[in-house]
Amino acid sequence: MSRDLTPRWYSPAEVAVLLGFGISKVKMKIATGELRSIKDGKYRRILPEWVDDYIRQQVERQEAA
């Protein structure tokens, strides 16, 4: 019996792959507050819903322009 585990949170590198960005762009978006994250010890982590929020905000900005 095998189960596929769904990640509960992502690293910046994983988010970069999900969004098709470079890691430096993800880090910049975190630094500017555009992409929410938390520190867990020495690691930065991003919840899946925060990635969804970022995407939603980008779509809303484009539609408002």
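From a predicted model like this one, the values you see are computed outputs, not experimental measurements.
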When the side chains of residues 13-22 are checked against the rest of the protein, which donor-acceptor pairs come out under 3.5 Å, sequence neighbours left out?
from: E14; atom 1: OE1; to: S11; atom 2: N; distance (Å): 2.8
from: E14; atom 1: OE1; to: S11; atom 2: OG; distance (Å): 3.4

Suppose the criterion is side chain to side chain donor-acceptor pair (under 3.5 Å): which pairs have a residue in residues 15-28, not counting sequence neighbours?
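Checked against side chain to side chain donor-acceptor pair (under 3.5 Å) - neighbours excluded - no pair reaches residues 15-28.
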
For the CH2 atom of W50 and the CD1 atom of I38, what is their distance to the nearest 0.5 Å?
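W50 atom CH2 to I38 atom CD1 measures 5.0 Å (nearest 0.5 Å).
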
Can you list the residues that meet the side chain to side chain donor-acceptor pair (under 3.5 Å) rule with Y54, with sequence neighbours excluded?
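Result, side chain to side chain donor-acceptor pair (under 3.5 Å) vs Y54: K29.
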
Strictly by salt bridge (Lys or Arg N to Asp or Glu O under 4.0 Å), give each pair with a member in residues 53-65 just once, sequence neighbours left out.
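Found E34-R61, D53-R56.
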
Tell me whether I55 is reachable from V26 by hopping between hydrophobic residues (I, L, V, M, F, W, Y) whose side-chain heavy atoms are closer than 4.5 Å.
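In one cluster: yes.
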
Can you name the residues that form a side-chain contact (heavy atoms from CB on, under 4.5 Å) with D40, not counting sequence neighbours?
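Only W9, R45 meet the side-chain contact (heavy atoms from CB on, under 4.5 Å) criterion with D40.
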
To check you understand the geometry: which heavy-atom pair defines the closest contact between I30 and P12, and what is its length?
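Looking at all heavy atoms of both residues, the closest pair is CD1-CG, 4.2 Å.
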
To check you understand the geometry: which heavy-atom pair defines the closest contact between S37 and R44, and what is its length?
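Result for this residue pair: OG-CD, 2.8 Å.
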
